[in-house]
Amino acid sequence: DCRVLSKSQAVFSLVDEKFYLRDNGSSNGTFINNCRLSQTGKKSEETEIYSQDIIRFGFQFETEKTDGGIAKCIIAILQIYFADGTEFPERAVSDSSDLKKMCVDKRNLTIIKKILLIS
């Protein structure tokens, strides 16, 4: 019984040498660089992903007092490699602007800017 992930949280796909991530209508969200891909319970469009993107499934929250714990989200920095061992390209800054425009939750935009400055 997972409180963070849905049974079918999200799907990764590869189409024409490009990688994509789609939220399958999860309750707690799928995020790329802190941008939520869809509203609760609604499937998102496929969104292109790049090496060094930060993906997150769900969000962290305190569980009921009887559990006495915290339900933690899953966070990963993608590292995508071609068959020859070279790393797949990183997201261009101009593409990050497009990602910010489609964000469901606009409150996360300042965090996205901080991530972009670090990478």
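Taking CG of N24 as the start and OG of S8 as the end, the distance is 3.5 Å to the nearest 0.5 Å. Rounding to the nearest 0.5 Å gives a distance of 3.5 Å between CD of E46 and OG of S13. Atom OG of S44 and atom CZ of F31 lie 11.5 Å apart (nearest 0.5 Å). The structure places CG of L37 at 14.5 Å from NZ of K42, a figure rounded to the nearest 0.5 Å. Between atom CG of residue L14 and atom CD1 of residue I80 there is a gap of 9.5 Å, rounded to the nearest 0.5 Å. Taking CZ of R22 as the start and CD of Q9 as the end, the distance is 12.0 Å to the nearest 0.5 Å.
Of the N and O atoms on the side chains of S26 and N28, not one donor lies less than 3.5 Å from an acceptor on the other residue. Between the side chains of Q79 and S51, no donor-acceptor pair is found at a separation under 3.5 Å. A donor-acceptor pair shorter than 3.5 Å can be found between the side chains of D23 and T30.
With contacts defined as side-chain heavy-atom distances shorter than 4.5 Å, the pair I75/I54 qualifies.
For the pair R91 and Y50, the cation-pi criterion (under 6.0 Å, within 45° of the ring axis) is not fulfilled.
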Item to complete: List the steps, then state whether side-chain contact (heavy atoms from CB on, under 4.5 Å) holds for D53 with I77.
Response: CA-CA 6 Å; D53 276 350; I77 297 174; over 6 Å; no
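Close placement of the F19 and F88 rings is indicated, their centers lying within 6.0 Å of each other.
When all heavy atoms are compared, the tightest approach of E17 to F82 is OE1-CE2, 4.5 Å.
D16 CG: 12 or fewer foreign heavy atoms inside a 6.0 Å radius.
L78 and V11 fall into different hydrophobic clusters, where Ile, Leu, Val, Met, Phe, Trp and Tyr are joined by side-chain heavy atoms under 4.5 Å apart, directly or via other members.
The hydrophobic cluster containing Y81, built from Ile/Leu/Val/Met/Phe/Trp/Tyr side-chain heavy atoms closer than 4.5 Å, comprises no other residue. Alongside V15, the hydrophobic cluster contains Y20 (criterion: ILVMFWY side chains under 4.5 Å).
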